[in-house]
Amino acid sequence: MPRILIIDDERAIRNTLKEILEYESYQVDQAEDGPTGLDMLIKDKYDVVLCDVKMPKMDGIEVLERARIVAPDAAFIMVSAHGNVEMAVDATKKGAYDFLQKPPDLNRLLVTVRNALDRTKLASETTKLASENKTLKKKLAKNSEMVGDSAALGAVRKAIEKVAPTDARVLITGPNGAGKEMVARQLHELSNRAGGPMVEVNCAAIPSELIESELFGHEKGSFTSAVKQRIGKFEQADGGTLFLDEIGDMSLSAQAKVLRALQENKITRVGGEKEISVNVRVLAATNKDLLQEIAERNFREDLYHRLSVILIQVPALNDRREDIPALIEKFLKDIAQDYGNKPKKIDDAALAYLQGLDWRGNIRELRNVVERLVIMSDDTISEADARAFAGK
């Protein structure tokens with residue numbers, strides 16, 4: 001239930017406003033002067049404040065100014081029998097939502113209160129969304145962090161630093177789970193397009209008959225299940241980055257359309273005729289040998305050369321074993337944060353054992369094993385735990 005505070009030194013006015021607003025199902029409290037009203041704003045949360053301007057002890061404008069500090073989210077509606085344009089402008093400049101003449105017109109009062117509540121709700125939702133967005137960005141940043149000091153990873157970092165500020169297309173290669181998506185995210189976050197969207201498409205996860213609709217969108221009625229218009233990933237990524245993961249699994253038909261989009265910076269929705277200009281930087285990744293795929297006529301050579309202006313090879317975890325202890329420490333902290341627990345420790349013998357294993361699933365497999373060890377082990381993960389639960 002919305003909460004409203006009435007600050008007025010006239011009891012009759014307070015009681016009348018309270019009766020009207022309670023009839024509209026608002027929860028209403030009263031304060032007989034400015035200091036009392038400020039104390040109530042400090043102790044409780046109010047959505048709207050109806051405040052008289054001329055009061056003893058402290059006038060309404062001073063209450064408004066102080067309330068901006070102690071209750072910045074409350075919408076202030078100033079009320080005065082002696083109001084004028086200059087006073088209304090001054091109150092608005094100092095943060096008042098509106099200014100009403102006393103005695104206020106009933107309809108005008110209720111409309112103003114409803115509008116003020118809508119604004120307060122919108123501000124609250126905007127603040128919540130901003131907080132969620134900040135949390136999501138932190139999570140994405142955590143997930144895209146490249147951990148390790150190996151020479152192999154250093155070469156990748158150096159390539160990212162050189163290439164990211166450009167609009168050059170990049171083909172990222174490497175085995176599954178090695179961190180190709182992290183490289184793509186780093187390229188986007190360090191680019192001039194970081195303020196724009198990064199849109200990801202897993203080409204292997206989309207049926208070949210739907211990939212064109214996913215990438216380029218479709219018009220209503222263009223095929224049986226096209227019940228409404230759909231905006232494709234190229235348009236969604238306009239002004240930002242489009243990451244085509246597992247590009248080697250894309251159908252030849254879709255490859256031809258992607259090639260045209262890269263050549264002309266234009267796309268056409270499935271079932272449409274209008275050409276739509278797009279400003280997109282394309283990053284692609286694959287675990288396949290695309291030159292072999294070209295030889296077997298599964299991948300277009302002209303598309304390969306369009307995508308591979310820059311090639312970045314992400315090393316397998318087995319090729320940078322010296323990074324495993326740092327990765328394990330990071331995963332222990334991340335998992336503890338996710339579970340709301342204190343990070344577990346791991347002894348040197350367990351680290352050495354894990355460092356010597358064959359990590360065919362790369363970083364993804366290592367993270368899963370660390371999570372399993374966190375769940376199954378005591379406060380300190382021992383070599384015995386690693387041998388029992390690493391699943392090798």
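Just so you know, these numbers come straight off a predicted model, no measurement behind them.
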What pairs with His188 under ring-ring contact (aromatic ring centres under 6.0 Å, His included), at least two apart in sequence or on another chain? none

Leu357/Leu354 under side chain to side chain contact (heavy atoms under 4.5 Å, CB included): CA gap, chis, key distance, verdict: CA-CA 5 Å; Leu357 294 177; Leu354 293 173; 3.9 Å; yes

Glu219 backbone acceptor or donor facing Ser222 side chain under 3.5 Å: yes

Interatomic distance, His305 atom NE2 to Ile294 atom CD1 [nearest 0.5 angstrom]: 6.0 Å

Donor-acceptor pair between Glu275 and Thr268 side chains, under 3.5 angstrom: no

Let me confirm one number: the CG-CE distance from Asp8 to Met55, rounded to the nearest 0.5 Å. 7.0 Å

Side chain to side chain, Asp167 and Arg193, heavy atoms closer than 4.5 Å: yes

I'd like to check Arg269 versus Gln229 (side-chain heavy atoms, cut-off strictly below 4.5 Å). Are they in contact? yes

Report whether Met87 and Ile13 are members of the same hydrophobic cluster (ILVMFWY, side-chain heavy atoms less than 4.5 Å apart, transitive linking). no

Say whether, by atom type as modelled, one donor and one acceptor occur between the side chain of Gln355 and the main chain of Arg321 under 3.5 angstrom. yes

Under a 4.5 Å cut-off applied to non-hydrogen side-chain atoms, are Ile20 and Leu110 in contact? yes

What is the minimum heavy-atom distance between Tyr46 and Arg3, and which atoms define it? OH-NH2, 3.5 Å

Take Asp47 and Lys45 through the salt bridge (charged side-chain N to carboxylate O under 4.0 Å, His left out) test and state the conclusion after the steps. CA-CA 7 Å; Asp47 301 295; Lys45 185 179 184 303; 3.8 Å; yes

For the side chain of Arg119 and the backbone of Tyr97, is there at least one donor-acceptor N/O pair under 3.5 Å apart? no

Give the intermediate values and the outcome of side chain to side chain contact (heavy atoms under 4.5 Å, CB included) for residues Arg66 and Val70. CA-CA 7 Å; Arg66 296 193 182 188; Val70 299; 5.7 Å; no

Taking atom CG as the centre, does Asp289 end up with more than 12 heavy-atom neighbours from other residues, nucleotides or ligands that are less than 6.0 angstrom away? yes

Side chain proximity check, Leu187 to Thr241, heavy atoms < 4.5 angstrom: no

Can you confirm whether Glu200 sits close enough to Asp245 that some side-chain heavy atom of one is under 4.5 Å from a side-chain heavy atom of the other? no

Chi angles and distances behind the salt bridge (charged side-chain N to carboxylate O under 4.0 Å, His left out) call for Lys94, Asp90: CA-CA 6 Å; Lys94 291 177 178 176; Asp90 184 47; 3.5 Å; yes

Is there a donor-acceptor pair under 3.5 Å between the side chain of Lys180 and the backbone N or O of Val314? no

Under 3.5 Å: donor-acceptor pair, side chain of Asp238, backbone of Asn279: yes

Could you please spell out the steps behind the side chain to side chain contact (heavy atoms under 4.5 Å, CB included) verdict for Arg306 and Asp302? CA-CA 6 Å; Arg306 284 281 177 179; Asp302 46 5; 5.7 Å; no

Treating Ile, Leu, Val, Met, Phe, Trp and Tyr as nodes and any side-chain heavy-atom pair under 4.5 angstrom as an edge, say whether Ile206 and Val282 lie in one connected cluster. yes

Side chains of Ile160 and Met146, heavy atoms from C-beta outward: is any pair under 4.5 Å? yes

Salt-bridge test for Asp338 and Arg367: reply yes if a basic N is under 4.0 Å from a carboxylate O, no otherwise. yes

To the nearest 0.5 Å, atom CD of Glu181 lies from atom CZ of Arg185 at 5.5 Å

Within a 6.0 Å radius of atom CD on Glu296, are there more than 12 heavy atoms belonging to other residues, nucleotides or ligands? yes

Does the pair Lys102/Asp52 count as a salt bridge with the N-to-O cut at 4.0 Å? yes

Please determine whether residues Val309 and Leu283 belong to a single hydrophobic cluster, defined as Ile, Leu, Val, Met, Phe, Trp and Tyr linked transitively by side-chain heavy-atom distances below 4.5 Å. yes

Determine the minimum heavy-atom distance between Ala168 and Ile310, stating which atoms define it. CB-CG1, 4.2 Å

Closest non-hydrogen contact found for Val278 with Lys266 is CG2-N, 4.2 Å

Given Arg387 and Glu383, is the salt bridge (charged side-chain N to carboxylate O under 4.0 Å, His left out) satisfied, shown in steps? CA-CA 6 Å; Arg387 289 181 179 278; Glu383 181 183 358; 2.9 Å; yes

Where is the tightest heavy-atom contact between Asp385 and Thr380, given as atom of each residue plus distance? OD2-O, 3.7 Å

In the structure I gave you, are the side-chain heavy atoms of Arg372 and Val369 within less than 4.5 Å of one another anywhere? yes

Test your reading of the model: is there a side-chain donor-acceptor pair from Lys344 to the backbone of Ser377, 3.5 Å cut-off? yes

Show your reasoning for whether side chain to side chain contact (heavy atoms under 4.5 Å, CB included) applies to Tyr304 and Leu171. CA-CA 9 Å; Tyr304 172 80; Leu171 179 62; 3.7 Å; yes

Going from CG on Leu50 to CG on Asp98, what distance comes out if it is rounded to the nearest 0.5 angstrom? 10.5 Å

I'd like to check the ring-ring contact (aromatic ring centres under 6.0 Å, His included) partners of Phe234; sequence neighbours left out, ordered by chain and number. Phe216

I need the Ile276 CD1 to Ile231 CD1 distance, nearest 0.5 Å. 6.5 Å

Would you say that Val156 contacts Ile312 through its side chain, given a criterion of any heavy-atom pair below 4.5 Å between the two side chains? yes

Let me check something: do Val79 and Val48 share a hydrophobic cluster, defined by ILVMFWY side-chain heavy atoms less than 4.5 Å apart, either directly or through other members? yes

Please evaluate residues Lys233 and Glu214 with respect to the criterion salt bridge (charged side-chain N to carboxylate O under 4.0 Å, His left out), reporting the C-alpha separation (whole Å), side-chain torsions for both, the decisive distance (0.1 Å), and the verdict. CA-CA 6 Å; Lys233 300 299 187 183; Glu214 186 75 15; 3.5 Å; yes

Short side-chain donor-acceptor distance under 3.5 Å, Asn362 and Asn176: no

So which heavy atom on Met40 is nearest to which on Asp29, and how close? CE-CB, 3.7 Å

So, does Ser251 use its side chain to make a donor-acceptor pair with the main chain of Ala254 at under 3.5 Å? yes

Is atom CG of Asn341 surrounded by more than 12 heavy atoms (other residues, nucleotides or ligands) closer than 6.0 Å? yes

Please determine whether residues Leu106 and Ile4 belong to a single hydrophobic cluster, defined as Ile, Leu, Val, Met, Phe, Trp and Tyr linked transitively by side-chain heavy-atom distances below 4.5 Å. yes

How about Gln30 and Arg14: does a side-chain donor come under 3.5 Å of a side-chain acceptor? yes

Determine the minimum heavy-atom distance between Leu215 and Met250, stating which atoms define it. CD1-CE, 3.7 Å

Point-to-point distance, once rounded to the nearest 0.5 Å, from CG of Leu5 to NZ of Lys18: 10.5 Å

